[in-house]
Amino acid sequence: MSGDIKRGTAEMTAAMLISGTIGWFVVMSGQPVSGVVFWRCLFGAMTLLVICGALGLLRPGILTLRAFAIAVFGGVAIVVNWLLLFASYSHATISIATTVYNTQPFMLLVLGALFLGEKITAAKLFWLTLAFAGMMAIVQAKPGGSGDRFESYGLGILMALGAAFFYALAALAAKWLKGTPPHLIALIQVATGMLMLAPMTDFSHPPQDAGSWAILVSIGVVHTGLMYVLLYGAIQRLPTHLTGALSFLYPIAAILVDRLAFGHALQPMQIAGAAIILLAAAGMNLGWTPRWLRPRALQG
């Protein structure tokens, strides 16, 4: 294994494990979702500003006006994505919300076909159908208790699906910005989030203790600034198939954190649905083609 592959693997693993713990930090912060996202953007922007400055990405002329506008559009999408995902945790648990959120590659598949002219192959359509079946299994796994609890569960799933859709929009914007320094894109995104959320953030009731501030700083510095650096570093060093394979550490880590920290165990139907979605996402990301969909010349 080459040095670049080893380093990229370590960076991608660290980035996904960091991402998998963010649900715990969000819940333990005790802050409204909009407040959590605002402080994430603020502390993330401070971190990324230093990183972009160190990389020489703040010089004039590095971005066109069109690229800046697309980056801002991506910023709006990524912030709405965070708001919906974080809000979904209190309705459908971190495990379920994160698994449902992992349908984002399929959202991007449809958006790519609509706006980029990318072809949806038979194999991709198969994985999309399989992911939908997994989604239906999770929806049918009604939590015990009152009807209100199931209604909240359904709302959590819808929020996670909405988060996946807006993440796909942000990814689509990133595709349009091919060649633009990714750390600079991330800085514009979190700066956009700060401006979006400042009017709705209650500054008269900030966190009252050092522990809450430490959690919010961690979400901004570690889960945003550091995670972006690790993720983009890994993407630059690793082949696509390995990046896709390692990305599944994120939902697995989130499920383990949810189980260990909050005691949320998945029901059998939820486990089956989650496994189907993750299998379908793996097939999409890694370019698997079921044997019966391969051309005859390639079989045997």
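Keep in mind that this is a model prediction, so the values were computed, not measured.
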Nearest heavy atoms of [X] and [Y], plus distance in Å:
| X | Y | value |
| --- | --- | --- |
| Gln270 | Ala265 | OE1-O, 4.4 Å |
| Ala131 | Ala280 | N-CB, 3.7 Å |
| Pro290 | Ala123 | CD-CB, 4.3 Å |

With the side chain counted from C-beta on, respond yes when [X] and [Y] share a heavy-atom pair under 4.5 Å apart, and no when they do not.
| X | Y | value |
| --- | --- | --- |
| Ile5 | Pro239 | yes |
| Ile157 | Met135 | yes |
| Leu246 | Leu238 | yes |
| Phe165 | Leu84 | no |
| Phe106 | Phe132 | no |

With no hydrogens and no angle check, is any side-chain donor or acceptor of [X] less than 3.5 Å from a backbone partner on [Y]?
| X | Y | answer |
| --- | --- | --- |
| Asp258 | Ile255 | no |
| Thr21 | Ile18 | yes |
| Trp39 | Gly220 | no |
| Thr224 | Ile219 | yes |
| Thr13 | Ala10 | no |
| Trp127 | Trp288 | yes |

Is any side-chain N of the basic residue among Lys175 and Glu118 closer than 4.0 Å to the acidic one's carboxylate O?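 Yes, Lys175 and Glu118 are salt-bridged.
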Can you name the residues that form a salt bridge (charged side-chain N to carboxylate O under 4.0 Å, His left out) with Arg259, not counting sequence neighbours?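 In terms of salt bridge (charged side-chain N to carboxylate O under 4.0 Å, His left out), with neighbours along the sequence ignored, Arg259 is linked to no residue.
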Please test Tyr89 against Tyr101 for ring pair (Phe, Tyr, Trp, His ring centres under 6.0 Å), starting from the C-alpha separation and ending with a verdict. CA-CA 11 Å; Tyr89 293 157; Tyr101 181 63; 9.0 Å; no
Atom CE in Met16, atom CE in Met12: separation rounded to 0.5 Å?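 The CE atom of Met16 sits 4.0 Å away from the CE atom of Met12.
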Working to the nearest 0.5 angstrom, can you tell me the gap between Arg40 CZ and His223 NE2?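 Taking CZ in Arg40 and NE2 in His223, the distance rounds to 8.0 Å.
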Look at the aromatic rings of Trp176 and Phe73 and report parallel, tilted or perpendicular, splitting at 30° and 60°.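 Tilted: the ring planes of Trp176 and Phe73 meet at 30° to 60°.
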Neighbour count above 12 (heavy atom, 6.0 Å) for Phe126 CZ: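 Above 12, so yes.
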Can you confirm whether the side chains of Asn102 and Tyr250 place a donor and an acceptor under 3.5 Å from each other?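 No, Tyr250 and Asn102 have no side-chain donor paired with an acceptor closer than 3.5 Å.
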